[in-house]
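Report on the following structure.
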Amino acid sequence: MPWRRRRNRVSALEGGREEEAPPEAAAVPSALLTSPQQTEAAAERILLRGIFEIGRDSCDVVLSERALRWRPIQPERPAGDSKYDLLCKEEFIELKDIFSVKLKRRWSVKQQRSGTLLGITLFICLKKEQNKLKNSTLDLINLSEDHCDIWFRQFKKILAGFPNRPKSLKILLNPQSHKKEATQVYYEKVEPLLKLAGIKTDVTVMEYEGHALSLLKECELQGFDGIWHRKGLIATHWLIVQRLFTGMQTLEPSVVCVGGDGSASEVAHALLLRAQKNAGMETDRILIPVRAQLPLGLIPAGSTNVLAHSLHGVPHVITATLHIIMGHVQLVDVCTFSTAGKLLRFGFSAMFGFGGRTLALAEKYRWMSPNQRRDFAVVKALAKLKAEDCEISFLPFNSSDDVQERRAQGSPKSDCNDQWQMIQGQFLNVSIMAIPCLCSVAPRGLAPNTRLNNGSMALIIARNTSRPEFIKHLKRYAGVKNQFNFPFVETYTVEEVKVHPRNNTGGYNPEEEEDETASENCFPWNVDGDLMEVASEVHIKLHPRLISLYGGSMEEINDSKVTRETI
C-alpha cells in the first residue's frame with residue numbers, strides 16, 4: 001500500500017524538516033483493516049471527507065471521531081456484481097492505533113527548501129502474532145497543499161487528545177546489560193521510534209550499580225524554569241515532577257529503563273522510594289506504601305528480561321517501545337522485602353535456596369558471557385545441591401470467592417486475615433512471585449497462574465529430594481508438562497510470606513573446601529535478578545497495583561483501562 005517511486009527520494013516531512021520512517025515500517029495489511037461491523041460508522045460524527053490515492057486506487061476517505069475509513073472509487077456497474085462488491089469493500093483503521101502523522105514530500109537535488117508535496121503519511125501501531133506489535137505506514141496521496149493542510153491539522157489535533165501518551169521521557173540506559181548491547185538497542189531501534197512520535201528524550205547512562213537509585217532518590221527539588229538543557233538534567237527532571245504534584249501546568253515526563261531485570265528492578269525500587277519520600281513517609285519502615293507517581297517503561301536489553309517478558313508477553317524491543325508510545329499503562333502488584341521491621345527493597349519476585357545460590361555463584365563469574373555464566377552457575381549449584389532448614393509462615397490469599405464459599409459452608413469465621421499457616425523442614429528452593437516470571441527457559445512462566453495485578457503471590461516450595469528428581473522438576477519449566485506435579489513440590493496462593501532460616505551460618509559448612517554462594521552468616525536471595533544477602537528472617541508482603549508500567553497484552557490493556565489520571 002505504500003506510495004512507491006523509483007528515481008526520487010520520498011520521505012515524510014513536517015514543518016520542512018525531514019523525518020524518515022524507520023526501516024521496519026511496513027505497509028498496513030488490508031486484511032487487518034477490514035471490519036464486518038460497518039454499521040457503526042454511520043453512527044459516528046464525520047469530521048472530514050475527501051479523496052486520496054491509497055495504494056493505486058483513488059478512494060473516498062472519511063475521517064470520523066473514532067476511525068479513518070476508505071472505499072475505492074469505481075465506475076458504476078450492474079447491481080449484484082460480486083467482483084465489484086469485493087473491490088469496493090470498505091477498509092478502516094482506528095484512530096487510537098495512529099501514533100504519528102507527517103507531510104509526505106518528494107525531494108530532489110535542485111530543491112533548496114520544501115520538496116514537492118505528495119500527501120500525508122500516517123504511522124500506525126498494529127498487533128502481530130504472539131503479543132508482538134509492529135509499526136506500519138499508510139500513505140494518503142493528494143497534491144493539494146490546502147487539502148492536505150486541513151487533514152494534517154485535524155490528525156495532529158486528534159493525536160494531541162490522547163491523555164495517556166507521554167510527551168517526554170527520562171531514559172536510564174545501562175550500557176553493561178547483556179553483551180553491552182543496550183546502547184545499540186536504544187539508538188538503533190528505540191530512539192528512532194520515539195523521535196518519530198515526537199517524544200522528547202533525556203538520556204542518562206548508568207555508570208555503576210546503584211546509580212539509578214541514587215539518581216532518582218537523592219536529587220533535590222527546586223524551582224523549574226521550563227527550559228531543557230544539557231546541564232542539570234537530573235534536577236530538571238524532578239523539578240517537573242514537583243510541578244506535577246502541585247498541579248502546575250508543565251511537561252509530564254515518564255521514566256524508561258533500557259537494560260535487564262536488575263536495572264529495571266532498581267529503577268522501580270527508586271521510583272517507589274521517591275514516592276514514599278514525597279508523601280512524607282519514612283523509607284526505612286513502610287507499612288502501607290503509596291503508589292509511584294510516574295509510569296515506568298521497560299525496554300528489554302538484558303540476558304533474561306523476566307520483567308519485560310512478563311509485562312509485554314514477549315521480550316521484543318519494538319513491542320515495548322510501541323507500548324510506551326501508545327500510552328498503554330498497566331497497574332502492577334509489587335512486594336516489599338523487609339527484615340526486623342526494616343525495609344530492604346521493593347521487588348516483583350524472589351527465590352531462596354537453589355535460586356539464590358545459583359545467582360550468587362553467577363555473580364562471581366561476571367567475566368563470562370551471560371549465557372555461559374548462567375549455565376555454569378546452574379551446573380555448579382546442582383553439583384553442590386543442598387537443602388536449607390527453614391520455617392516458612394504465610395498468609396493465604398483471601399479472595400471474595402473464598403469468603404463466599406466459607407459462608408456457604410457455614411464456616412464460623414469467614415475472615416481468614418489472621419489465619420497464618422506455618423510449614424517447616426528441609427527445602428531445596430523457595431519461590432515467591434507476584435508476576436508470572438516469563439523467560440526463555442520458562443516460556444509459560446515460573447509462576448504461570450499468577451497475573452500482573454490480581455492481588456496475590458505464588459509461593460512455590462520444593463522440599464528436599466534427590467538430585468535427579470529435582471532436575472526433572474527444573475526441566476519441566478521449559479516443556480509443556482506440569483512442573484508442579486511432583487510429591488516434593490507445594491504451591492500456595494498467598495498475600496504475605498515470612499522465611500526464617502533455622503541455622504545462622506548462611507549455609508556455610510566448614511568441612512567443604514569452599515562456599516562461594518554465601519557470605520558468613522548471610523543467606524543469598526535472588527530478587528528480580530539482583531543478589532540480596534540477608535542473615536535473618538525475610539518478610540515479603542504484596543501491595544496491589546503499586547506501580548504503573550507501560551505495556552501488557554492487548555487484552556489486559558483493554559480490560560484494565562488505566563489512565564494517567566489514576567496514577
Side-chain angles (χ1 to χ4, degrees), residues 131 133 163-164 166 254-257 261 264-265 267-269 271-272 275-276 286 288-298 300 305-315 319-320 323-324 326-337 345-350 394-403 417 431-439 442 444-460 491-497 527-528 540-567:
N131 291 320
L133 302 180
N164 281 20
S254 300
V255 180
V256 173
C257 175
D261 290 321
S265 180
V267 174
H269 173 63
L271 286 176
L272 286 164
Q276 314 316 308
I286 301 175
I288 305 177
V290 299
R291 183 181 297 169
Q293 295 90 347
L294 295 180
L296 171 62
L298 304 179
N305 303 306
V306 169
L307 289 176
H309 197 159
S310 300
L311 182 63
H312 308 305
V314 61
T319 296
H323 276 306
I324 295 170
M326 303 303 289
H328 297 158
V329 181
Q330 276 267 69
L331 288 172
V332 178
D333 299 341
V334 181
C335 305
T336 51
F337 296 83
R345 60 172 297 161
F346 292 94
F348 301 92
S349 64
F394 60 91
L395 182 62
F397 175 58
N398 183 13
S399 67
S400 57
D401 292 337
D402 292 336
V403 173
N417 286 336
S431 299
I432 305 104
M433 298 176 176
I435 60 175
C437 292
L438 296 134
C439 58
R444 294 181 294 117
L446 299 176
N449 296 325
T450 305
R451 297 295 177 264
L452 295 173
N453 50 23
N454 63 352
S456 67
M457 300 182 293
L459 171 62
I460 305 168
T491 61
Y492 304 90
T493 304
V494 301
E495 297 178 9
E496 294 184 55
V497 179
V527 180
D528 297 332
I540 304 101
K541 183 176 181 179
L542 184 85
H543 303 277
R545 299 171 175 250
L546 196 60
I547 193 169
S548 301
L549 302 181
Y550 284 112
S553 67
M554 300 305 293
E555 293 77 8
E556 290 176 326
I557 291 167
N558 294 333
D559 290 341
S560 61
K561 297 181 181 178
V562 178
T563 63
R564 286 289 294 272
E565 285 74 12
T566 65
I567 299 173

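Throughout, numbering of the chain's residues begins at 1 and tracks the sequence.
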Nearest heavy-atom neighbours spanning [X] and [Y]:
X      : Y      : answer
Asn131 : Val314 : O-CG1, 4.0 Å
Lys541 : Glu496 : CG-CG, 3.5 Å
Tyr550 : Gly327 : CE2-CA, 3.9 Å
Ala268 : Ile547 : CB-CD1, 3.9 Å
His543 : Cys335 : CD2-C, 4.4 Å

All side-chain contact (heavy atoms from CB on, under 4.5 Å) counterparts of Ala447, not counting sequence neighbours: Met433, Thr450, Ala458, Ile460
Those residues at least two apart in sequence (or on a different chain) that pass side-chain contact (heavy atoms from CB on, under 4.5 Å) with Thr493 are Phe397, Ser456
Run the side-chain contact (heavy atoms from CB on, under 4.5 Å) check on Asn454 and Asp333 step by step: do they pass? CA-CA 8 Å; Asn454 63 352; Asp333 299 341; 4.0 Å; yes
Pairing residues for Ser431 by the side-chain hydrogen bond (donor to acceptor under 3.5 Å, both in side chains) criterion, not counting sequence neighbours: Asn429
Evaluate Val494 against Leu395 for side-chain contact (heavy atoms from CB on, under 4.5 Å), listing each step before the verdict. CA-CA 6 Å; Val494 301; Leu395 182 62; 5.9 Å; no
[X] side, atom [atom1]; [Y] side, atom [atom2] - distance, nearest 0.5 Å:
X      : Y      : atom1 : atom2 : answer
Ser254 : Ile324 : OG    : CD1   : 8.5 Å
Leu452 : Gln330 : CG    : CD    : 5.5 Å
Thr336 : Ile288 : OG1   : CD1   : 11.0 Å

Examine distances only and state if a side-chain atom of [X] and a backbone atom of [Y] form a donor-acceptor pair shorter than 3.5 Å.
X      : Y      : answer
Asp528 : Asp261 : no
Arg291 : Arg545 : yes
Glu495 : Leu542 : no
His328 : Gly551 : no

With a 4.5 Å limit on heavy-atom distance, are the side chains of Leu438 and Ser310 in contact? yes
Give the C-alpha distance, both sets of side-chain angles, the deciding distance and a yes or no for side-chain contact (heavy atoms from CB on, under 4.5 Å) between Leu546 and Phe346. CA-CA 10 Å; Leu546 196 60; Phe346 292 94; 4.0 Å; yes
In terms of ring plane angle, is the pair His312 and His323 parallel, tilted or perpendicular, where the classes change at 30° and 60°? parallel
Determine, stepwise, if the pair Val255 / Leu271 fulfils side-chain contact (heavy atoms from CB on, under 4.5 Å). CA-CA 9 Å; Val255 180; Leu271 286 176; 4.0 Å; yes
So, applying side chain to side chain contact (heavy atoms under 4.5 Å, CB included) with Val332, which one of Leu296, Leu549, Leu307 is it? Leu549
